S.K.: 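One structure follows; several queries about it will come next.
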Amino acid sequence: MRRTVIRRRVTRMISAFLFQPPLPISPKHQYSLLPLTTTQRFLTASHSFRTLSTKSIPNMQDSASVSYLSQREAAEIDETLMGPLGFSVDQLMELAGLSVATSVAEVYKPSEYSRVLAICGPGNNGGDGLVAARHLHHFGYKPSICYPKRTSKSLYTGLVTQLESLSVPFVSVEDLPEDLSEDFDVIIDAIFGFSFHGAPRPPFDAIIRRLQTLQKRPVIVSVDIPSGWHVEEGDHEGGGIKPDMLVSLTAPKLCAKSFSGPHHFLGGRFVPPSVAEKYKLELPSYPGTSMCVRIGKPPKVDISAMRVNYVSPELLEDQVESDPVLQFRKWFDEAVAAGLRETNAMALSTTNKDRKPSSRMVLLKGFDENGFVWFTNYESKKGSDLSENPFAALLFYWEDMNRQVRIEGPVERISEEESENYYHSRPRGSQIGAIVSKQSSVVPGRHVLYDEYEELTKKYSDGSVIPKPKNWGGFRLKPNLFEFWQGQPSRLHDRLQYSLQEGNPAWIIRRLAP
Ligand SMILES: Cc1cc2nc3c(=O)[nH]c(=O)nc-3n(C[C@H](O)[C@H](O)[C@H](O)COP(=O)(O)O)c2cc1C
């Protein structure tokens with residue numbers, strides 16, 4: 001009776017795997033040989049538990065290929081946008097402020113740089129700062145505003161009202177703390193923009209002098225023009241403020257050529273092609289849905305000093321599931337819900353008969369109590385390692401959650417039927433890619449792959465079934481060891497290991513020293 005129940009359950013599990021893969025196979029999870037899509041990273045760290053002080057932004061543009069504008073050109077472009085092209089000033093201000101806020105959020109995470117002071121000047125640049133502060137508030141920062149020379153125009157009073165309704169504090173110049181580094185992590189320099197000329201007047205002259213003397217913290221983010229700099233000649237007299245980040249708007253102004261800080265971003269994803277053509281503007285493409293793009297070289301970092309202080313909920317023995325597959329399911333679901341990219345990407349380590357290890361990433365395509373499944377070419381390096389030594393280790397690292405999972409155990413091929421089913425569920429391009437790629441063998445050149453790919457695409461353009469290559473299929477690792485790692489402050493990380501003892505189906509949970 002019991003056996004029948006177990007058999008039924010196993011049959012149910014197998015058919016669930018065959019007909020409804022436990023993990024959704026979305027295009028983003030497809031492993032494809034095709035060069036047709038550009039991998040665009042969407043930095044979706046909204047659920048981030050931790051901070052990174054440096055993060056390189058994809059689609060980074062070479063500053064040499066970006067145009068720089070004179071003061072006159074910048075003014076003309078603004079007039080064109082707000083004249084014949086139908087933009088309003090508040091629209092452009094909203095887009096500029098949003099670009100500044102997203103640029104700040106790319107580099108300075110709110111968990112480490114939450115206290116922002118936006119110093120806003122009397123004109124449009126100040127308005128950009130007010131908008132940026134509002135968006136930063138919604139991104140989880142704690143902005144304060146110093147806005148000493150308010151204007152009575154309704155656009156500006158509206159921005160002030162919006163901030164007041166969010167209880168964002170306004171600080172007078174007199175009430176600014178003597179030592180800005182004690183109260184703020186980031187200063188937004190939104191004092192003067194590209195139309196400014198002459199010498200800064202009180203109280204901004206004194207504020208700029210204070211910004212010039214700042215050391216490492218707070219970091220300074222200048223909106224379009226570092227205040228006090230000449231719009232075209234930059235910090236021509238020397239001794240001006242040295243922002244850590246410059247967010248150029250629409251296109252960088254000539255002064256940006258002398259910006260030497262680590263983070264130069266461009267914002268203003270609204271320039272119509274007609275304007276770009278008229279002014280011969282070379283503008284970078286923006287990644288994904290982002291409102292900003294890094295231009296210029298990425299910052300040089302001291303690798304030995306790179307470290308993160310993890311802050312996470314504790315992982316305690318009495319909170320975890322007694323079954324590690326259920327615990328994995330829980331963490332996996334949480335990682336998916338947090339919007340992490342490629343949650344199912346895992347490092348697979350194998351060894352050959354000479355006990356030489358080798359690691360690479362593969363995509364998990366299903367898991368349950370029978371094991372963890374991925375697909376590959378059986379004649380690849382990993383396939384050959386696994387035929388020589390059918391044991392492997394899997395490693396997941398969910399960076400934004402400070403979590404790592406290790407899984408080890410023996411590996412076997414899944415049935416041909418399972419592989420067939422999965423193979424035919426993939427996009428036709430990926431099926432052809434699997435035929436074309438004699439994985440891990442030496443290829444004389446990229447064209448060889450493309451030529452064969454094109455040939456096969458033509459061959460199967462009638463929609464006929466693309467046969468699965470014999471050497472392509474799935475492996476299943478049956479775990480005998482799991483470790484769940486949760487990063488904690490001061491390197492006192494949580495490590496809970498699940499292991500099996502011979503002849504005993506119950507998992508033993510032990511805490512390991514970090
Ligand atoms: C995120 C990611 C996912 C990958 N997924 C797979 C996969 O599911 N199957 C696969 O064969 N290769 C996958 N690859 C490519 C492998 O890492 C590796 O280059 C390839 O399988 C050849 O490895 P081998 O020569 O060690 O066998 C993936 C690579 C990355 C970066």
Side-chain angles (χ1 to χ4, degrees), residues 69 71 74-83 85-105 116-139 141 143-166 168-173 186-198 200-201 203-204 207-208 211 220-229 231 241 243 245-253 255 265-271 291-292:
L69 300 177
Q71 191 170 32
E76 265 183 49
I77 291 177
D78 255 18
E79 277 163 27
T80 311
L81 287 168
M82 287 187 279
L85 287 172
F87 283 91
S88 61
V89 67
D90 36 349
Q91 237 187 324
L92 293 180
M93 202 172 272
E94 189 65 30
L95 288 163
L98 180 59
S99 308
V100 172
T102 52
S103 303
V104 168
V116 177
L117 173 66
I119 307 178
C120 301
N124 287 353
N125 200 261
D128 298 343
L130 296 173
V131 174
R134 168 160 46 77
H135 287 292
L136 286 170
H137 168 88
H138 291 296
F139 294 171
Y141 294 81
S144 304
I145 316 284
C146 177
Y147 186 30
K149 293 279 175 202
R150 301 189 183 195
T151 87
S152 56
K153 286 188 193 151
S154 64
L155 165 59
Y156 295 88
T157 55
L159 294 175
V160 169
T161 308
Q162 290 157 26
L163 286 159
E164 283 171 347
S165 74
L166 296 169
V168 170
F170 281 73
V171 194
S172 67
V173 177
V186 180
I187 289 185
I188 311 263
D189 154 30
I191 305 176
F192 300 126
F194 72 77
S195 49
F196 179 79
H197 47 82
R201 282 195 293 268
F204 297 110
I207 294 178
I208 291 171
L211 297 186
I220 302 178
V221 177
S222 287
V223 178
D224 208 25
I225 310 289
S227 297
W229 284 25
V231 179
I241 67 170
M245 177 186 263
L246 172 63
V247 186
S248 292
L249 297 169
T250 311
K253 314 302 169 300
C255 67
F265 278 67
L266 179 66
R269 195 178 186 171
F270 54 78
V271 178
M291 288 304 293
C292 60

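These figures come from a predicted structure and were not determined experimentally.
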S.K.: Where do Val173 and Cys146 come nearest, in terms of heavy atoms and distance?
M.R.: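 Closest approach of Val173 to Cys146, heavy atoms only: CG2-SG, 3.9 Å.
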
S.K.: Give the minimum heavy-atom separation between Ile191 and Asn125, together with the two atoms involved.
M.R.: N-OD1, 3.3 Å

S.K.: For a 4.5 angstrom cut-off between non-hydrogen side-chain atoms, does Arg134 reach Glu94?
M.R.: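 Yes - at least one pair of side-chain heavy atoms lies under 4.5 Å apart.
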
S.K.: Closest heavy-atom contact between Ala132 and Ala101?
M.R.: O-CB, 3.8 Å

S.K.: For residues Val186 and Met245, determine if any side-chain heavy atom of one lies less than 4.5 Å from a side-chain heavy atom of the other.
M.R.: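 They are not in side-chain contact.
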
S.K.: Taking the inter-plane angle between the rings of Phe192 and Phe204 on a 0 to 90° scale, is it parallel (under 30°), tilted (30 to 60°) or perpendicular (over 60°)?
M.R.: perpendicular

S.K.: Any side-chain heavy atom of Leu92 sitting closer than 4.5 Å to one from Phe270?
M.R.: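 Result yes, sub-4.5 Å side-chain heavy-atom pair found.
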
S.K.: Around His197, counting heavy atoms of other residues, nucleotides and ligands shown, do more than 12 lie under 6.0 Å from its NE2?
M.R.: no

S.K.: Could you check Val116 against Val104 for side-chain contact (heavy atoms from CB on, under 4.5 Å), going step by step and ending with a plain yes or no?
M.R.: CA-CA 10 Å; Val116 177; Val104 168; 5.6 Å; no

S.K.: Please report the interatomic distance CD1(Ile188) to CD1(Ile220), rounded to the nearest 0.5 Å.
M.R.: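 One gets 11.0 Å once the value is rounded to the nearest 0.5 Å.
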
S.K.: Is Lys149 reaching over with its side chain to a backbone N or O of Tyr147, donor-acceptor style, under 3.5 angstrom?
M.R.: no

S.K.: Between Phe196 and Gln71, which heavy-atom pair has the shortest distance, and what is it?
M.R.: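 For Phe196 and Gln71, the tightest heavy-atom pair comes out as O-NE2, 3.4 Å.
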
S.K.: Got a second to check how far Phe170's CZ is from Ser144's OG, nearest 0.5 Å?
M.R.: 10.0 Å

S.K.: What's the separation between atom CG in Leu81 and atom CD in Glu76, rounded to the nearest 0.5 Å?
M.R.: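 Separation between the atoms: 11.5 Å.
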
S.K.: For Cys120 and Ile145, which heavy atoms make the closest approach, and how far apart are they?
M.R.: SG-CG2, 4.1 Å

S.K.: Could you go through Tyr156 and Asp90, starting from their C-alpha distance and side-chain angles, then the distance that decides it, and tell me whether this counts as side chain to side chain donor-acceptor pair (under 3.5 Å)?
M.R.: CA-CA 9 Å; Tyr156 295 88; Asp90 36 349; over 6 Å; no

S.K.: Going from OG on Ser195 to CG on Asn124, what distance comes out if it is rounded to the nearest 0.5 angstrom?
M.R.: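 Rounded to the nearest 0.5 Å, the OG-CG separation comes to 6.5 Å.
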
S.K.: Does the side-chain contact (heavy atoms from CB on, under 4.5 Å) test come out yes or no for Ser103 and Val221, once each step is laid out?
M.R.: CA-CA 9 Å; Ser103 303; Val221 177; over 6 Å; no

S.K.: Calculate, to the nearest 0.5 Å, the distance between atoms CG and CG belonging to Leu249 and Leu69 respectively.
M.R.: 11.0 Å

S.K.: Might you work through the side-chain contact (heavy atoms from CB on, under 4.5 Å) test for Leu166 and His138, ending with a clear yes or no?
M.R.: CA-CA 9 Å; Leu166 296 169; His138 291 296; 3.7 Å; yes

S.K.: How long is the gap from OG1 on Thr250 to CZ on Arg269, to the nearest 0.5 Å?
M.R.: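 Between atom OG1 of Thr250 and atom CZ of Arg269 there are 14.5 Å.
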
S.K.: Ignoring hydrogens, what is the shortest heavy-atom contact between Pro243 and Ile241? Give both atom names and the distance.
M.R.: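 Taking Pro243 first and Ile241 second, the nearest heavy atoms are CD-O, 3.3 Å.
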
S.K.: Do any N or O atoms from the side chain of Ser99 and from the backbone of Gly268 form a donor-acceptor pair under 3.5 angstrom?
M.R.: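 Checking the backbone N and O of Gly268 against the side chain of Ser99, a donor-acceptor pair under 3.5 Å is found.
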
S.K.: When you compare the side chain of Val247 with that of Val223, does any pair of heavy atoms fall below 4.5 Å?
M.R.: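 SC-SC contact between Val223 and Val247 ruled out.
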
S.K.: Checking the side chain of Asp224 only, and the main-chain atoms of Gly193 only, is there a donor and an acceptor separated by less than 3.5 Å?
M.R.: no

S.K.: side-chain contact (heavy atoms from CB on, under 4.5 Å) for Thr102 and Phe139? Distances and angles first, verdict last.
M.R.: CA-CA 9 Å; Thr102 52; Phe139 294 171; 4.0 Å; yes

